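See structure below.
Letters go in sequence order (proteins before strands), and every chain restarts at 1. All values reported here derive from a predicted model rather than from experimental measurement.
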2 protein chains.
Amino acid sequence: MDIARSEVFEAGTPIACRSCQARHGVVCGALSNAQLKELNRHSLRRKVEAGSEIIAQGSESSFYSNIMRGVVKLCKMMPDGRQQIVGLQFAPDFVGRPFVRESTLSAEAATDAEICVFPRNLLDRMIAETPELQRSLHDQALNELDAAREWMLTLGRRTAEEKVASLLHLIATHAEPQTAISAAFDLPLSRAEIADFLGLTIETVSRQMTRLRKRGVILIENSRHIVVPDMDELEKISA
Amino acid sequence: MDIARSEVFEAGTPIACRSCQARHGVVCGALSNAQLKELNRHSLRRKVEAGSEIIAQGSESSFYSNIMRGVVKLCKMMPDGRQQIVGLQFAPDFVGRPFVRESTLSAEAATDAEICVFPRNLLDRMIAETPELQRSLHDQALNELDAAREWMLTLGRRTAEEKVASLLHLIATHAEPQTAISAAFDLPLSRAEIADFLGLTIETVSRQMTRLRKRGVILIENSRHIVVPDMDELEKISA
DNA sequence: ATCTGAGTTTGATCTGGATCAAATCGCGAC
DNA sequence: GTCGCGATTTGATCCAGATCAAACTCAGAT
């Protein structure tokens, strides 16, 4: 994302964060009206298209964001190019690493997305002044930690088939009201990204998807759109 | 650990947490004297021996702890018995999951250890009342999240050799002042536990250790005691 | 001193997923 | 429409790490 390089908070037309309206992000949901007003003066609503980088691994980031729409992937890259996706974030998640300037991972829009961008210094001050905000962010951090550890189990101990089923289950759960028996959703990730999330190759991902399709566990309407007739079946396979 | 079942805070001789003395845990380091005094009335210093469970996966835990000495492993177990260690904790770490009663993982002493045990209700209240404590715990959660994501890269994308080197590097870094070029330390984990941390089998762990020994990267004084003549060498291998 | 058994190492073989290679599918540009 | 090209699927083969099997080690127990 170009915001990272250019001086964001000088250029562009700041749009009030109160435009979040129906759905507040993690940050603005925890602030008083006075704080919101101040934040609004310095925050920016931003559309980012799929594939653009929001935070670069190894860089010092001068801002945080809230995801208002879309999916963001968190990636770690090794010097030789091997890559691992270490998390997916959805609205209204907070993006950034409080208390530490340099990021050990990159954040990239997996789909077209909209984010609210906040200057780091201002938000750091608000976190220090606002226990409720700290609590919200603490809460999100703990939820991400639970999710990361669950995924460690997937990476370390599940088979390729179970990994693919786990991913489909994860996406379906975030896309659907999760009450329904069946689900239909768009994958926010390409096969290559799925492979990088599951610690597999694209070929193995493709073969496992085909296997699930042939068994009737999923329908592949096209490579990005999936229908799951029976979520219990999928959950059983993901073990 | 029997504490989980019996009513801890009635039996036993409570020992003042101020006995932490030189080294405070994450919790007591962030409290005022008045709060410490109240906490002392309800906390308990406890010795736990290697292998005993501090928190059981799927159970409701009514207490938190601080590790004062020793190493604690966090495990996730699948219904069919497959297991993954998802983190190691060292003094003065906090153990427990604030805000959620039921644990999705188990915490078990990997070595003989000493912990300070706090009643959940009391500490929850103190967290709510004490921004500095919330900040400490938030900080630890974020550090654990960084570590978990780093380990996801290890699980998903590193080879068996790189995994073993990564583990040795991790342990060495926590055991030694990390300034020295060489390191000597006791492994807090058995081969089986190392396998469960790295997503490998014990045979593969053993073979990779032997390979590293034959290459002169490590000396195995006995299966638990390791010497690393050149930490840079080890770090290079862990990639 | 010898026995015992858990933990570890070593060896032989197998296999799930990687790698290498070639279609096939879509979709935007012309 | 059809050309070009990246994304995906499918096929053939390979190999890192799993599995199966057997020693070996060593700290107690007798």
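Proximity of Arg191(B) to the phosphate of dT9(C): a side-chain N or O atom is located under 4.0 Å from OP1 or OP2.
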Got a list of protein N/O to nucleotides 24-28 of chain D N/O distances below 3.5 Å?
none

Please list each protein N or O that sits under 3.5 Å from an N or O in nucleotides 15-17 of chain D, with the distance.
{"residue": "dG17(D)", "atom": "OP1", "partner": "Ala160(B)", "partner atom": "N", "Å": "2.8"}

Which atoms of nucleotides 21-23 of chain D (N or O only) lie under 3.5 Å from a protein N or O atom, and what are those distances?
none

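The only option from Leu105(A), Asp196(A), Leu155(A) that meets the side-chain contact (heavy atoms from CB on, under 4.5 Å) definition with Val86(A) turns out to be Leu105(A).
Applying the side-chain contact (heavy atoms from CB on, under 4.5 Å) test to Ala192(B) and every residue at least two apart in sequence or in another chain returns Ser190(B), Ile202(B). Remark: Ala107(B) pairs with Ile54(B), Ile55(B), Val72(B), Leu74(B), Val95(B) by the side-chain contact (heavy atoms from CB on, under 4.5 Å) rule, at least two apart or across chains. Partners of Glu60(A) under the salt bridge (charged side-chain N to carboxylate O under 4.0 Å, His left out) rule, at least two apart in sequence or in another chain, are Arg101(A). Not counting sequence neighbours, the partners of Arg158(B) by the side-chain contact (heavy atoms from CB on, under 4.5 Å) test are Met78(A), Glu150(B), Leu153(B), Thr154(B), Glu162(B), Lys163(B), Ser166(B), Ala239(B). Applying the side-chain contact (heavy atoms from CB on, under 4.5 Å) test to Arg211(A) and every residue at least two apart in sequence or in another chain returns Glu161(A), Gln208(A), Arg215(A). A search for salt bridge (charged side-chain N to carboxylate O under 4.0 Å, His left out) contacts involving Lys73(A) returns Glu108(A), Glu193(A), not counting sequence neighbours.
Applying the side chain to side chain donor-acceptor pair (under 3.5 Å) test to residues at least two apart or on different chains, the pairs with a partner in residues 218-229 of chain A are Asp186(A)-His225(A). Every pair passing ring pair (Phe, Tyr, Trp, His ring centres under 6.0 Å) that includes a residue from residues 195-215 of chain A is listed here, sequence neighbours excluded: Trp151(A)-Phe197(A).
Between the side chain of Arg207(B) and the base of dG11(C), a donor-acceptor pair under 3.5 Å is found.
Across its full length, the helix from dA1(C)-dT30(D) to dC30(C)-dG1(D) shows an angle of 30° between the axes of its 5 terminal pairs at either end, rounded to 10 degrees.
Without hydrogens or angle criteria, Arg157(B) side chain to Gln83(A) main chain gives a donor-acceptor distance under 3.5 Å.
Atom CG in Asn222(A) sits roughly 14 Å away from atom P in dC25(C) (whole-Å rounding).
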